[in-house]
> 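Please find one structure pasted underneath; my questions will follow.
Proteins get letters first, then strands, A, B, ... in listed order; numbering begins at 1 in each.
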Number of protein chains: 2
Amino acid sequence: MTNLILSKSEENYLKSIYNLSDSGSKLVTTNSISKILNIEPASVTDMIKKLSKKNLIYHQKYKGSKISKNGIKIALQIIRKHRLWEVFLYEKLNFKWDEIHEVAEELEHVSSDQLIDNLDKYLKYPKIDPHGDPIPNKLGEIDFVDKISISDLNIGQKGIVSRIINEDEEFFNLLNKLKIEIGTEIKLIDKIEYDSSIEIFINNRSVIISKVVAENIKITKV
Amino acid sequence: MTNLILSKSEENYLKSIYNLSDSGSKLVTTNSISKILNIEPASVTDMIKKLSKKNLIYHQKYKGSKISKNGIKIALQIIRKHRLWEVFLYEKLNFKWDEIHEVAEELEHVSSDQLIDNLDKYLKYPKIDPHGDPIPNKLGEIDFVDKISISDLNIGQKGIVSRIINEDEEFFNLLNKLKIEIGTEIKLIDKIEYDSSIEIFINNRSVIISKVVAENIKITKV
DNA sequence: AAAATATTTTAGTCGTACCTAAATTAATTA
DNA sequence: TAATTAATTTAGGTACGACTAAAATATTTT
Ligand SMILES: [Mn+2]
Ligand SMILES: [Mn+2]
Ligand SMILES: [Mn+2]
Ligand SMILES: [Mn+2]
């Protein structure tokens with residue numbers, strides 16, 4: 001059942017459907033897939049039919065698509081490959097944080113169990129990728145950690161930066177300037193009502209970050 | 001001129017044509033490409049037309065194809081990627097000597113200059129791949145080393161194993177048993193007329209290897 | 001030099017993965 | 001509720017990269 005061979009396109013669709021589905025729970029619309037993959041809705045409908053026939057998703061005409069158990073399993077393996085390659089590029093090949101995604105998007109489609117298992121071992125079985133996203137293990141098990149926005153903290157509370165949403169170079173540069181990275185401890189000092197910006201304490205000094213920036217940095221409470 | 005983007009298929013054809021052409025000198029027949037890629041001659045003709053239109057090869061109907069300057073340049077970059085990935089798989093991921101080719105055949109098509117340059121650096125700019133084949137540098141420069149067969153040695157002469165032709169697992173196992181690898185010193189002791197087998201001295205003992213085995217091991221004289 | 005054989009090309013087809021335009025269905029607004 | 005708008009699907013088309021069968025050309029054998 002799991003041993004069918006998928007094309008690169010099928011893999012990209014399946015991964016996107018999984019990502020849009022909230023870990024497989026929600027229905028995914030044709031339009032949302034179209035937008036995320038930059039492919040016309042009519043073409044998405046074609047592929048939906050193909051994936052349905054392979055029982056990787058369930059589809060109800062005009063209603064939406066739900067990823068199947070099997071589909072989730074496969075999607076998680078693609079995500080595993082993607083994130084392991086990101087770790088490799090970042091840690092071994094000195095890629096910048098904002099340069100890894102594009103290349104990983106290609107490498108994730110190279111299919112060899114031996115390749116990915118040995119890479120995993122070589123990287124010492126990392127638990128998260130450079131953006132803070134959890135890496136599924138060989139069995140597809142994945143640590144879902146509750147992540148909240150900085151603004152969800154109460155004043156005085158502390159958190160650890162655990163996920164960077166935006167992957168642009170500009171955002172990367174800003175974080176670099178602020179010396180914020182995965183693992184950095186943050187304490188909320190004040191919420192500024194006027195423009196919803198936020199004052200935080202990091203690396204022994206206090207800085208004010210805008211609402212948009214705050215929304216792109218997820219943390220776990222400590 | 002060099003910046004056109006090629007499909008995986010086009011890249012595989014171009015590499016095969018280069019490999020069959022004796023470094024770009026010889027005409028390559030449609031049939032030979034067909035055989036090496038396991039694609040019907042009619043399909044090969046189609047692709048030949050495509051590559052001709054892109055000036056990567058010159059083609060004369062019913063005569064054969066010759067790879068162009070530009071074609072060689074591109075082929076060497078694909079070969080560079082292939083061999084660097086082979087080094088990575090062999091040295092970093094502990095792949096066996098006979099397991100690397102197939103995966104490298106896929107990895108070679110991931111296109112990112114940054115990826116391959118950083119990989120090259122990470123591997124400390126290797127000059128040869130695990131089979132003993134030279135790795136072209138970024139500029140497409142490649143060390144052609146004169147390699148001869150063991151049987152071309154005179155009795156008493158020494159050579160260094162520098163290239164393994166056959167890449168089967170069985171052949172790998174045999175070499176393993178004989179403790180022959182790239183860099184092993186070999187001395188020719190005797191040529192046995194009866195079955196053209198050969199007596200050689202390696203690792204402080206003498207062994208007899210068949211004609212076929214000898215032909216699959218290339219050496220450089222010392 | 002013919003005939004036979006081998007190689008290569010042409011012609012026509014197919015599946016994949018996309019597209020645009022038009023039809024259908026669902027959701028929103030008046 | 002009816003009309004309008006939005007989302008989705010269907011219908012028909014294209015480029016790519018493969019295939020088979022048949023035609024054209026080249027090579028080898030007699
Ligand atoms: Mn991808
Ligand atoms: Mn990531
Ligand atoms: Mn290849
Ligand atoms: Mn090799």
> Is the shortest side-chain N/O distance from B:Tyr13 to OP1 or OP2 of D:dA18 below 4.0 Å?
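True: B:Tyr13 side-chain N/O within range (under 4.0 Å) of D:dA18 OP1/OP2.
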> Would you indicate which nucleotide in C:dC19, D:dC19, D:dT8 comes nearest to any side-chain atom of A:Ile39?
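Selected nucleotide: C:dC19.
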> Is the shortest side-chain N/O distance from A:Ser43 to OP1 or OP2 of C:dA17 below 4.0 Å?
no
> May I have the distance from B:Glu11 (atom CD) to D:dG17 (atom C1'), rounded to whole angstrom?
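Spelled out: CD on B:Glu11 to C1' on D:dG17 is 15 Å.
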> Please tell me if the side chains of A:Tyr18 and A:Ser23 come closer than 4.5 Å, counting only heavy atoms from C-beta onward.
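When only atoms from C-beta onward are counted, A:Ser23 and A:Tyr18 do touch, with a gap below 4.5 Å.
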> Has the side chain of B:Asp46 got a donor or acceptor atom sitting under 3.5 Å from an opposite partner on the base of D:dC16?
no
> Expressed in angstrom and rounded to an integer, what is the separation of A:Lys54 atom NZ from C:dG15 atom C1'?
11 Å
> CD of A:Gln60 versus C1' of D:dT9: gap in Å, rounded?
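Interatomic distance, CD of A:Gln60 to C1' of D:dT9: 15 Å.
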> Under 4.0 Å between a side-chain N/O of A:Thr45 and OP1 or OP2 of D:dT10, yes or no?
no
> Using atom CD1 of A:Ile57 as one end and atom C1' of D:dT8 as the other, report the distance to the nearest whole Å.
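In whole Å, D:dT8 C1' and A:Ile57 CD1 are 14 Å from each other.
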> Tell me whether the side-chain N/O atoms of A:Thr29 come closer than 4.0 Å to OP1 or OP2 in D:dA7.
no
> Rounding to an integer number of Å, can you tell me how far B:Glu10 CD sits from D:dA18 P?
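Result: 10 Å.
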> Between B:Ser9 and D:dC16, is there a contact of a side-chain N or O with OP1 or OP2 at under 4.0 Å?
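No, B:Ser9 has no side-chain N/O under 4.0 Å of OP1/OP2 on D:dC16.
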> Does D:dT9 have its OP1 or OP2 closer than 4.0 Å to a side-chain nitrogen or oxygen of A:Lys49?
no
> Below 30° counts as parallel, above 60° as perpendicular, anything between as tilted: where do the rings of B:Phe88 and B:Tyr122 land?
tilted
> Give a yes/no answer on whether the side chain of A:Asn31 brings an N or O atom under 4.0 Å of OP1 or OP2 in D:dA6.
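It does not, given that no N or O in the side chain of A:Asn31 lies less than 4.0 Å from OP1 or OP2 of D:dA6.
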> Would you indicate, yes or no, if D:dC16 has its OP1 or OP2 atom less than 4.0 angstrom from a side-chain nitrogen or oxygen of B:Ser7?
no
> May I ask you to say whether B:Lys96 pairs ionically with B:Glu169, meaning some side-chain N is under 4.0 Å from a carboxylate O?
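Judged by the 4.0 Å cut-off on N to carboxylate O distance, B:Lys96 and B:Glu169 do not form a salt bridge.
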> Nearest whole angstrom, please: distance from the P of C:dC18 to the CG of A:Leu51.
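A:Leu51 atom CG is separated from C:dC18 atom P by 11 Å.
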> Could you tell me whether A:Glu108 and A:Arg83 make a salt bridge, using a distance below 4.0 angstrom between a side-chain N and a carboxylate O?
no
> Could B:Lys138 and B:Asp117 be called an ion pair, given the rule that one side-chain N must be under 4.0 Å from one carboxylate O?
yes
> Under 4.0 Å from OP1 or OP2 of C:dT7: is there any side-chain N or O of B:Lys61 that close?
no
> Does A:His59 make a side-chain N or O approach to OP1 or OP2 of D:dT9 shorter than 4.0 Å?
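For A:His59, the contact criterion (side-chain N or O under 4.0 Å from OP1 or OP2 of D:dT9) is met.
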